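Following: one structure in structure tokens, then a few remarks.
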Number of protein chains: 2
Amino acid sequence: MSVGIRHDDLRRRNRAMVIAAVRRAGQPSRTEIAATTGLSHSTISAISSDLIGEGILTESKPSEVGSLKRGRPQVGLGLNPEAAAVMTVVLSLNFLSVAVIDYAGQVIAEEQRRLDTLTMSRDALVGECVAIVRRRLEDPDLDVRSVARIALAIQGITDTRARAMLWSPITPHTDIAFADILEDEFGIPATMENDCNMMAIALRWRDPDRYRDDFIAILLSHGIGMGLVLKGELFTGTHSSGGEFGHMIHRPHGALCRCGRRGCVEAYAGNYAIWRNARQMSEDAEPVADVSDADMRALATAARERDGPEREAYRKAGEALGYGLGSLFALIDPAPVAMVGVSAAAFDLIEPALREAIAQTAGGQHSQSISFDTEPNELPLIREGCATRALTFVDQEIFAPGTQARSGLGGKNVA
Amino acid sequence: MSVGIRHDDLRRRNRAMVIAAVRRAGQPSRTEIAATTGLSHSTISAISSDLIGEGILTESKPSEVGSLKRGRPQVGLGLNPEAAAVMTVVLSLNFLSVAVIDYAGQVIAEEQRRLDTLTMSRDALVGECVAIVRRRLEDPDLDVRSVARIALAIQGITDTRARAMLWSPITPHTDIAFADILEDEFGIPATMENDCNMMAIALRWRDPDRYRDDFIAILLSHGIGMGLVLKGELFTGTHSSGGEFGHMIHRPHGALCRCGRRGCVEAYAGNYAIWRNARQMSEDAEPVADVSDADMRALATAARERDGPEREAYRKAGEALGYGLGSLFALIDPAPVAMVGVSAAAFDLIEPALREAIAQTAGGQHSQSISFDTEPNELPLIREGCATRALTFVDQEIFAPGTQARSGLGGKNVA
DNA sequence: TCTATTTTTTCGAGCCTCGAAAAAATAGTG
DNA sequence: CACTATTTTTTCGAGGCTCGAAAAAATAGA
């Protein structure tokens, strides 16, 4: 069953703890780290001395902290930007974007490309991803050896182990093992993440007060996606990335969904569904491939101006989202929700019906206390999430590795 | 944030690990424990020597193991039944049952009572629980001091911390802090658990091969409940016991549910709902308070005999359960399901419509691979779950405590 | 009785964390 | 400007824990 704790695990975990404390706090002193981790000063001293010796952390000048207190000034510890780098690859509908990020979290290079993802062949799609990564890696300003991790994100379903895309609305092809492909090509560990999960991670990173242990990130875009954090952990399905909120059933035998089934939440609340209803097309009408953000904004403007089919379309979207959230809340209890994506900008049109629907459900008793936040731009969020995730991997798996000799100078006599 | 690992934690966790290994394996030798925990023989030897010295474990005679191998015979380690005892209290509709269980898991006493829970006053209900516990504690055969934990289970919603019942269908009263009440009364740590969660725990204990990391236990009774294990952990809501599968919305504005809302899964699949549909009453008809098991069995018999309203009622139940499961599977992916309770005996009537409905949902792609198991009797399961939970608490919190001096003989020179 | 085999215990080495004390580095103070 | 108070950081020895190797224990077969 579960395994006992070895003695070596102790140091490993505490190393990881120190690195995590520095990443979260920015420039904490050793004393601060001791306070947040609960470890003793001596232990922190020993571990940080190791980490500085290994080039993972750096001491910042006392002046930067600028304390006006008496006594020996604190020495801030920071992440050494050159200790490593990671790459993020975000693949969305007709769009591919890559960024290189240093160990301290700063973007040091990026590149973006428009593609026609819906019609590309499988090989072409994979080829574009590989090519854009290669171009970044060939950048003379970048030390290739320092790139320790590549995190891809895609809209759609990925497997639990974050190795492959299983299904995605942006391409007709399925089961593409992006992580393995990139690893084989470049020899750099890679993962294939779900876009909404990365949004959730970024939200927590941005605002840990609001998004801490339990919250929901919902992508209101062409499709409906969800990233869910429960009890401080990213929630994933047993086999796949899970959390397919958009494909919970809102109305049995209801409107036709892009996934081919009927009555999904997405079939009422996805951009194509709002579009379809606003145009008063049949619920059986085949979903359109894409609706531009500009068109969606125009729809929202029309809905705000007059009571007509546009307004009704947003109302239906709100109702579907509300009942869906209500069912979700029956399972997990209410939690803060962030609405992300172009339709989040039209949340004023969605919210009334959404709240009314929630009030009809088990979550309704807390209807008032449920708070919504909106963020119209999902792409930066997804990239931030990927970066955070990749850097966390480096922190934990590369710089606090399982049972492996630590590089060089094994001692304390570095200072 | 999260806290570093102290040196003392190491031993604590490994002690817990050893106890857990013994509880799971029954009579394992030290060598076996070393293998399952991954710790060295020396460590296991030291820890088990401590545990035996403290009276937590006992050595069983070599003969019992009865190996025919050459070499020094293995000495089996077992839980000392007298090391502690726990009590389970299961409160269900019109029925209260208590059991006393020794540290090795054997029932050593029990008592049951019929009540009229729906009409009792709050004080009377609490009073009955306190009284039945007191009677068991006054049993001269029982050493009161050895009782280390009381686990209550109730149908309904409990809080995350397992202290209080928040709402239950078996009584009109709400927010009863049973755990605190019993602790104050008897000075024994207590918890208030959700019945379906205990079912899930018992299922895993009974059949860890089938029910290991991810599975679902659904109670098909007067109401519909669910216990959910995900990634090896019991799933609870953020504030309450959560997993209110029965109150996911099947049809917006649909049939009247016992909870007062409309369209819940339970409003189609609970006993009262099947009864209501079988009698061709309106979906708006007030749910009846109780339907006897005998009546439900008669309904099932009628449904099997002829195609009529009874059969249709079960079909509707299956449909509601199927769409609900489908939505659940969209979130967590499919997992093995156990159907528990009186209507599980009529699962043959439910299954076709259920599978058909699931096939319409995101879970449909795996429709074939989803397997259902049935267990008509929920009470023993709930009790077993409580016992397992209470004993696990004793294992971890009492016999492998945080940072606390271990009792007596601190040494290895006990043998 | 002796040997092979398997389980369990013992023992010393190597780490790790901790608390206390020392060292380092600064701001006030007269 | 020397001295003191104060705060941070490092050093050092003590105490624990786990591990591997070797020893001890306990049995079956020859």
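Just so you know, these numbers come straight off a predicted model, no measurement behind them.
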Side-chain N or O of [X] less than 4.0 angstrom from OP1 or OP2 on [N]?
{"X": "A:Arg30", "N": "D:dT10", "result": "yes"}
{"X": "A:Arg11", "N": "C:dT17", "result": "yes"}
{"X": "B:Asn14", "N": "D:dC17", "result": "no"}

Could you give the [atom1]-to-[atom2] distance, from [X] to [N], as a whole number of Å?
{"X": "B:Leu57", "N": "C:dT8", "atom1": "CG", "atom2": "C1'", "value": "15 Å"}
{"X": "B:Ile44", "N": "C:dT6", "atom1": "CD1", "atom2": "P", "value": "21 Å"}
{"X": "B:Arg12", "N": "C:dT17", "atom1": "CZ", "atom2": "P", "value": "17 Å"}
{"X": "A:Leu51", "N": "D:dT10", "atom1": "CG", "atom2": "P", "value": "12 Å"}
{"X": "B:Leu39", "N": "C:dT8", "atom1": "CG", "atom2": "P", "value": "15 Å"}
{"X": "B:Glu32", "N": "C:dT6", "atom1": "CD", "atom2": "P", "value": "15 Å"}
{"X": "A:Arg15", "N": "C:dC15", "atom1": "CZ", "atom2": "C1'", "value": "14 Å"}
{"X": "B:Gln74", "N": "C:dT9", "atom1": "CD", "atom2": "P", "value": "12 Å"}

Whichever of B:Ser45 and A:Gly71 has its nearest DNA chain C nucleotide further upstream toward 5': B:Ser45
Distance-only donor-acceptor test (3.5 Å): side chain B:Arg72, base C:dT7: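 A donor-acceptor contact between them is present.
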Run the salt bridge (Lys or Arg N to Asp or Glu O under 4.0 Å) test against [X] and tell me which residues pass, sequence neighbours left out.
{"X": "A:Asp180", "result": "A:Arg163"}
{"X": "A:Glu32", "result": "none"}
{"X": "A:Arg204", "result": "none"}
{"X": "A:Arg13", "result": "none"}

Side chain to side chain contact (heavy atoms under 4.5 Å, CB included) partners of A:Asp102, counting only residues at least two apart: A:Pro81, A:Ala104, A:Gln106, A:Ile108
B:Ala84: side chain to side chain contact (heavy atoms under 4.5 Å, CB included) partners, not counting sequence neighbours: B:Tyr103, B:Ala148, B:Val394, B:Phe399
A:Gln27 vs A:Leu77, side-chain contact (heavy atoms from CB on, under 4.5 Å): CA-CA, chis, key distance, verdict: CA-CA 5 Å; A:Gln27 293 271 321; A:Leu77 294 178; over 6 Å; no
N/O donor-acceptor pair under 3.5 Å between B:Thr160 side chain and B:His239 backbone: yes
Residues, nucleotides or ligands: over 12 heavy atoms within 6.0 Å of A:Arg161 CZ: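 Not buried by this count: 12 neighbours or fewer within 6.0 Å.
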Candidate nucleotides D:dT27, D:dT8, D:dT18, ranked by approach to the side chain of B:Ile47 - the nearest: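 The listed nucleotide nearest to B:Ile47's side chain is D:dT18.
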Side chain of B:Arg70 - closest among D:dT6, C:dT8, D:dA28: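 Looking only at heavy atoms from C-beta outward on B:Arg70, the closest nucleotide is D:dA28.
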A:Thr191: side chain to side chain donor-acceptor pair (under 3.5 Å) partners, not counting sequence neighbours: A:Glu193
Between the first and last five pairs of the helix from C:dT1-D:dA30 to C:dG30-D:dC1, the angle of the axes, rounded to 10 degrees: 20°
Nearest-nucleotide 5' precedence on DNA chain D, A:Thr31 against B:Leu10: A:Thr31
Between N or O atoms, less than 3.5 Å apart, protein on one side and nucleotides 20-23 of chain D on the other: list the pairs.
from: D:dG20; atom 1: N7; to: B:Ser42; atom 2: OG; distance (Å): 3.2
from: D:dG20; atom 1: O6; to: B:Ser42; atom 2: OG; distance (Å): 2.8

